[in-house]
Amino acid sequence: MQIVNSLEEESFAYTDEKENMNSRRNEIGEFMEIVAYCQHELVKEPLVYREKLWEIMVEEDVTFAEWLYSGAGNGSEDDRRRMLESLSKKEIVSADSGQFVNELAGKQIYISLGEFESCVSAVKDYISVRRDILSSIRDVKEYEAFMNSCFINSSFAANILSEMKHIQNFPDKAKEITNALAVLNDRAVDLYYQYSAHLEEAMKILSSLLQRECAPDPGHADTLLFSFTYSEQTEGKTQAGIKEIECSPHLKLIHPGSDLRIYFYWCDKTVGAGEKVLVGRIGRHPYKK
């Protein structure tokens, strides 16, 4: 699934509260965070906007194009540079072109500069909408293909889909899985570094956040090895590698007796450079056939 990230051009227009671009510095920063997310290597989606953007009045008698390229109106050179950097690498699509019409046929997220009706203007809200879309996907293969772009602080085992395909009634469980992956993605690495000497405390916090049990599984270590891919630089060249990592902690989803689990490990210095939670398996107990 490819998201159409559609810019709401009218959100650039000045108002009584936002009378010039100098007053919108924080909004520009938040906008840049969304653009950076869209540019991430796991996302790689353009920001689609129409040429009408250039004629939007960002303050009285100053169009956005004049503000951006001619130095007209209020606002720092740094703000102009940041905005130019955000937009110059993106795709410009004419409102009247067939390409724009075709883009609108996909799932859309409307992005604005500052708060605007039915739009997102901060990266946390943008990510939340992506995850809502993920939760609505009914086909497990489509879900797996899209989930990487929703959890960029996670690394998934190379064969993660092989077990996910066996999840019964997957559409009914997609939201539960998404919520659990979101907590792992957003919190696991920080919890590990905070409680590395007492990981049972970290697991208690995850349990509290999800209202689901998080526990180790030391009795089945031989079935909890999962293969992860990673990249490394050797003599100036990027090479791919594979590392097996034991993912013993697991979240028990749905209810304590459910066979739906997520097996993970907090982080690894090689896979994800110590900055990503590793998700080894989403599905049944690994020792069940």
Side-chain angles (χ1 to χ4, degrees), residues 1-3 37 39-45 127 130-131 133-135 137-168 170-171 173-174 176-189 191-192 199 206 214 216-235 237-253 259-289:
M1 179 182 295
Q2 183 87 354
I3 295 296
Y37 193 99
Q39 290 178 323
H40 191 278
E41 62 180 358
L42 294 176
V43 184
K44 292 183 179 179
E45 295 169 352
I127 294 171
R130 286 189 76 93
R131 292 174 180 175
I133 293 171
L134 180 67
S135 295
I137 297 176
R138 302 183 63 82
D139 181 82
V140 68
K141 292 182 180 180
E142 290 183 11
Y143 183 99
E144 186 272 338
F146 186 58
M147 72 180 182
N148 288 276
S149 70
C150 298
F151 308 111
I152 62 175
N153 295 324
S154 302
S155 181
F156 295 94
N159 63 341
I160 194 83
L161 182 60
S162 63
E163 173 55 30
M164 291 178 68
K165 291 188 295 187
H166 296 288
I167 298 174
Q168 295 183 356
F170 176 80
K173 298 169 182 173
E176 174 95 3
I177 294 169
T178 302
N179 290 341
L181 291 175
V183 170
L184 287 175
N185 181 87
D186 300 345
R187 299 296 303 276
V189 175
L191 286 173
Y192 173 80
L199 288 177
L206 287 179
C214 180
D217 195 355
H220 302 92
D222 59 333
T223 64
L224 299 175
L225 290 174
F226 304 97
S227 297
F228 292 85
T229 59
Y230 64 93
S231 298
E232 61 181 354
Q233 291 289 327
T234 304
E235 298 180 351
K237 296 181 180 179
T238 301
Q239 294 185 331
I242 298 176
K243 183 176 181 179
E244 284 199 335
I245 297 175
E246 180 184 331
C247 297
S248 171
H250 62 293
L251 292 166
K252 300 179 181 180
L253 305 185
D259 200 28
L260 179 59
R261 316 289 175 94
I262 294 180
Y263 287 81
F264 71 95
Y265 190 66
W266 306 93
C267 58
D268 181 80
K269 290 184 179 179
T270 301
V271 180
E275 298 177 353
K276 292 191 176 187
V277 62
L278 311 183
V279 180
R281 186 178 178 96
I282 304 171
R284 304 166 296 180
H285 292 285
Y287 42 88
K288 287 191 176 181
K289 302 297 183 181

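Nothing here was measured: the structure is a model prediction, and the numbers come from that model.
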* To do: Tell me, with the steps shown, if Ile3 and Phe146 meet side chain to side chain contact (heavy atoms under 4.5 Å, CB included).
  => CA-CA 10 Å; Ile3 295 296; Phe146 186 58; 3.7 Å; yes
* To do: I would like to know whether Ser149 and Arg130 meet side chain to side chain contact (heavy atoms under 4.5 Å, CB included); could you show each step before the answer?
  => CA-CA 8 Å; Ser149 70; Arg130 286 189 76 93; 2.7 Å; yes
Side chains of [X] and [Y], heavy atoms from C-beta outward: is any pair under 4.5 Å?
{"X": "Glu176", "Y": "Asn179", "answer": "no"}
{"X": "Phe226", "Y": "Leu278", "answer": "no"}
{"X": "Val189", "Y": "Glu275", "answer": "no"}
{"X": "Ile177", "Y": "Phe170", "answer": "yes"}
{"X": "Ser248", "Y": "Asp217", "answer": "yes"}

Closest non-hydrogen atom pair, [X] against [Y]:
{"X": "Trp266", "Y": "Pro249", "value": "NE1-CG, 4.0 Å"}
{"X": "Gly283", "Y": "Ile167", "value": "CA-CG1, 4.2 Å"}
{"X": "Ala188", "Y": "Val277", "value": "CB-CG2, 3.7 Å"}
{"X": "Asn148", "Y": "Leu42", "value": "O-CD1, 3.9 Å"}

* To do: Begin from the C-alpha positions of Leu184 and Leu251 and carry the test side chain to side chain contact (heavy atoms under 4.5 Å, CB included) through to its verdict.
  => CA-CA 10 Å; Leu184 287 175; Leu251 292 166; 3.9 Å; yes
From [X] atom [atom1] to [Y] atom [atom2], the distance as rounded to the nearest 0.5 Å:
{"X": "Phe264", "Y": "Leu224", "atom1": "CZ", "atom2": "CG", "answer": "12.0 Å"}
{"X": "Arg261", "Y": "Leu253", "atom1": "CZ", "atom2": "CG", "answer": "8.5 Å"}
{"X": "Ile152", "Y": "Lys276", "atom1": "CD1", "atom2": "NZ", "answer": "7.5 Å"}
{"X": "Lys165", "Y": "Ile160", "atom1": "NZ", "atom2": "CD1", "answer": "12.5 Å"}
{"X": "Asp268", "Y": "Glu246", "atom1": "CG", "atom2": "CD", "answer": "12.5 Å"}
{"X": "Leu181", "Y": "Met147", "atom1": "CG", "atom2": "CE", "answer": "6.5 Å"}

Is the backbone N or O of [Y] less than 3.5 Å from a side-chain atom of [X], with the two atoms forming a donor-acceptor pair by type?
{"X": "Arg131", "Y": "Leu134", "result": "no"}
{"X": "Asp139", "Y": "Glu142", "result": "yes"}
{"X": "Tyr192", "Y": "Leu199", "result": "no"}
{"X": "Glu45", "Y": "Gln2", "result": "no"}
{"X": "Asn185", "Y": "Asn153", "result": "yes"}

* To do: Indicate whether the side chain of Tyr143 and that of Thr178 have a donor and an acceptor atom separated by less than 3.5 Å.
  =>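 There is such a pair between these side chains.
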* Which of parallel (below 30°), tilted (30 to 60°) and perpendicular (above 60°) describes His250 and Tyr263? -> parallel
* To do: May I ask you to check whether over 12 heavy atoms, not counting those of Gln168, lie within 6.0 Å of atom CD?
  =>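 Counting neighbours around CD of Gln168, 12 or fewer heavy atoms of other residues, nucleotides or ligands fall under 6.0 Å, so no.
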* Asked: Does atom NZ of Lys243 have more than 12 heavy-atom neighbours, drawn from other residues, nucleotides or ligands, at distances under 6.0 Å?
  -> yes
